[in-house]
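When a ligand or atom number is given, it counts from 1 through the structure's own listing order.
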Amino acid sequence: MIKDNINLERLPQHIAIIMDGNGRWAKEKGKYRIFGHENGVKAVREVSEGCAELGVKFLTLYAFSTENWNRPKMEINALMTLLVKTIKKETDTLMKNDIKLEAIGDRTTLPKDCRKELEEAIEITKNNTKMTLILALSYSAKWDIVNATRDIVKRAIDGEIALDEVNENLINNTLTTHKYPHPELMIRTSGEHRISNFLLWEIAYSELYFTNVLWPDYRKEHLHEAILDYQKRERRFGKTSEQLV
Ligand code: FPP
């Protein structure tokens with residue numbers, strides 16, 4: 001089994017995933033796009049369980065981007081309904097598995113019921129400690145960076161911070177992702193090689209892993225393959241190989 005080859009001492013602490021290919025998966029089967037999203041829920045369950053089993057501490061899933069608001073209204077409504085239903089249905093599973101749910105993104109743009117279910121699940125699971133599952137919902141990295149910049153400028157105008165206090169740390173701590181370590185591994189499914197406005201700042205030194213598997217077909221074994229591939233890589237952070245020895 002691929003899983004047995006994973007070195008548990010060298011796991012990524014945080015994995016971020018761009019779940020892509022739901023629409024194409026459905027189209028291949030002659031179905032509506034939402035059928036693909038519905039079947040994507042199984043993959044969400046698989047990776048969440050897979051990460052928790054191994055001991056990965058943080059998993060961020062790109063569930064809905066700021067740009068996704070430009071999709072046809074019917075698809076947006078169906079996706080939001082699916083999200084509400086899934087969050088409600090899976091809260092017990094999150095409790096059983098000691099998983100804490102959190103979210104990044106502009107919650108004010110979410111439909112009321114979606115926001116309510118999300119906030120309820122966040123509240124119910126807040127004391128869980130095994131893993132944190134972070135849903136990126138109505139999220140984009142540029143949205144986060146713009147907001148952080150506004151916040152910093154305001155604090156500077158108000159005299160709370162001086163110009164030379166604006167540094168990497170301050171920006172880091174102002175982003176909505178400040179509570180989490182930066183992902184060591186980012187996975188994108190469906191054969192697309194793009195970042196699509198996801199965690200731009202946070203992936204400065206992430207290992208990127210692309211697979212042709214469409215999201216609804218993604219299973220634990222695929223996650224294990226990605227982690228194994230990550231463990232074979234040498235992370236140099238700008239240094240030479242010799243310096244790392
Ligand atoms: C990308 O496929 C997928 C999405 C925009 C939505 C992902 C949502 C789910 C898997 C539903 C449930 C999620 C949670 C977290 C409960 P796409 O539509 O861009 O596919 P395409 O590129 O083939 O068109």
Side-chain angles (χ1 to χ4, degrees), residues 15-52 58-95 97 99-107 109-111 113-122 124-125 131-141 143 186-199 210-220 222-223:
I15 299 181
I17 306 185
I18 304 177
M19 311 181 283
D20 196 13
N22 294 351
R24 275 163 285 164
W25 187 90
K27 201 172 169 196
E28 274 177 7
K29 296 179 165 45
K31 305 268 193 186
Y32 289 114
R33 296 176 57 81
I34 189 65
F35 183 68
H37 299 315
E38 282 164 3
N39 281 276
V41 174
K42 163 105 174 128
V44 170
R45 219 177 284 130
E46 284 263 323
V47 292
S48 308
E49 209 178 280
C51 282
F58 301 90
L59 171 65
T60 303
L61 300 177
Y62 206 6
F64 196 86
S65 72
T66 308
E67 290 77 17
N68 285 153
W69 290 114
N70 299 321
R71 290 194 173 196
K73 213 161 171 75
M74 201 177 85
E75 184 175 346
I76 297 177
N77 290 340
L79 251 174
M80 290 299 154
T81 308
L82 179 65
L83 280 164
V84 174
K85 247 175 51 188
T86 310
I87 293 169
K88 205 172 173 155
K89 202 167 139 231
E90 299 295 335
T91 308
D92 280 351
T93 324
L94 294 174
M95 289 309 289
N97 291 290
I99 298 173
K100 188 198 294 197
L101 183 73
E102 296 201 341
I104 49 172
D106 188 358
R107 280 190 213 172
T109 58
L110 296 174
D113 55 342
C114 187
R115 185 167 172 185
K116 184 172 158 275
E117 287 303 335
L118 179 70
E119 289 177 348
E120 267 175 31
I122 290 174
I124 293 170
T125 62
M131 185 180 90
T132 305
L133 172 62
I134 304 137
L135 291 186
L137 268 178
S138 193
Y139 169 88
S140 79
W143 163 84
M186 177 180 280
I187 300 171
R188 182 172 190 149
T189 59
S190 90
E192 305 290 353
H193 295 184
R194 279 191 297 279
I195 303 303
S196 301
N197 212 349
F198 190 36
L199 305 173
F210 300 100
T211 170
N212 290 331
V213 178
L214 302 176
W215 182 251
D217 290 329
Y218 206 79
R219 294 292 172 268
K220 276 182 202 171
H222 299 116
L223 173 78

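When hydrogens are left out, the protein atom nearest atom 1 (C) of ligand 1 is Met19 O, 3.0 Å; that is the closest non-hydrogen contact. For atom 14 (C) of ligand 1, the nearest non-hydrogen atom of the protein is Leu83 CD2, 3.7 Å. The nearest protein atom to atom 10 (C) of ligand 1, hydrogens excluded, is given as Asn22 ND2, 3.6 Å; this is a heavy-atom distance. Looking only at heavy atoms of the protein, atom 6 (C) of ligand 1 is closest to Ala63 O, 3.4 Å.
Close approach of ligand 1 to Asn68 (heavy-atom distance below 4.0 Å) involves ligand atoms 5 (C). Residue Trp215 approaches ligand 1 through these ligand atoms, each under 4.0 Å from one of its heavy atoms: 10 (C). Taking every non-hydrogen atom of His37 and a distance limit under 4.0 Å, the qualifying atoms of ligand 1 come out as 4 (C), 6 (C), 11 (C), 18 (O). Ligand 1 places these atoms under 4.0 Å from at least one heavy atom of Gly23: 17 (P), 18 (O), 20 (O), 21 (P), 23 (O), 24 (O). Numbered from 1 in the order shown, with element, the atoms of ligand 1 that lie under 4.0 Å from a heavy atom of Arg24 read 21 (P), 22 (O), 23 (O). Residue Val41 approaches ligand 1 through these ligand atoms, each under 4.0 Å from one of its heavy atoms: 12 (C). Listed by number with element, the atoms of ligand 1 under 4.0 angstrom from any heavy atom of Leu135 are 15 (C). Near Thr86, meaning under 4.0 Å from one of its heavy atoms, ligand 1 places the atoms 16 (C).
For Arg33, every heavy-atom contact with ligand 1 shorter than 4.0 Å involves the side chain, none the backbone.
No side-chain heavy atom of Asn77 sits under 4.5 Å from any side-chain heavy atom of Met80. Taking 4.5 Å as the limit, every side-chain heavy atom of His222 sits out of range of all side-chain heavy atoms of Val47.
In summary, Arg188 and Glu192 do not engage in a salt bridge, as defined by a charged side-chain N under 4.0 Å from a carboxylate O. With respect to Arg45 and Glu49, no salt bridge is recorded, no charged nitrogen being found less than 4.0 Å from a carboxylate O.
For the pairing with Asn22, the side-chain hydrogen bond (donor to acceptor under 3.5 Å, both in side chains) check across Arg33, Glu38, His37 returns one residue only, His37.
At distances below 3.5 Å, at least one donor-acceptor pair connects side-chain atoms of Thr66 with backbone N or O atoms of Ser140. The backbone N or O of Pro216 sits nowhere less than 3.5 Å from a side-chain atom of Asn39 that would complete a donor-acceptor pair.
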Exercise. Report the C-alpha distance between Glu120 and Lys116 in whole Å, list the side-chain angles of each, state the deciding distance to 0.1 Å, and finish with yes or no for salt bridge (charged side-chain N to carboxylate O under 4.0 Å, His left out).
Key: CA-CA 6 Å; Glu120 267 175 31; Lys116 184 172 158 275; 3.5 Å; yes
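Using a 4.0 Å heavy-atom cutoff, Arg71 is listed among the residues neighbouring ligand 1. Look at Ser190 and you'll find every heavy atom at least 4.0 Å from all atoms of ligand 1. Assignment of Trp25 to the shell around ligand 1 is not supported, since no heavy atom sits closer than 4.0 Å. Within the structure, ligand 1 has Asp20 among the residues with a heavy atom less than 4.0 angstrom away.
In this structure, Tyr139 and Trp143 have perpendicular ring planes: the angle between them is above 60°, well past the 30° mark.
Heavy atoms only, all atoms of each residue included: Ile122 and Arg107 are closest at CD1-NH2, 3.6 Å. Contact detail for Leu59 and Ser48: the closest heavy-atom pair is CD2-CA, 3.7 Å.
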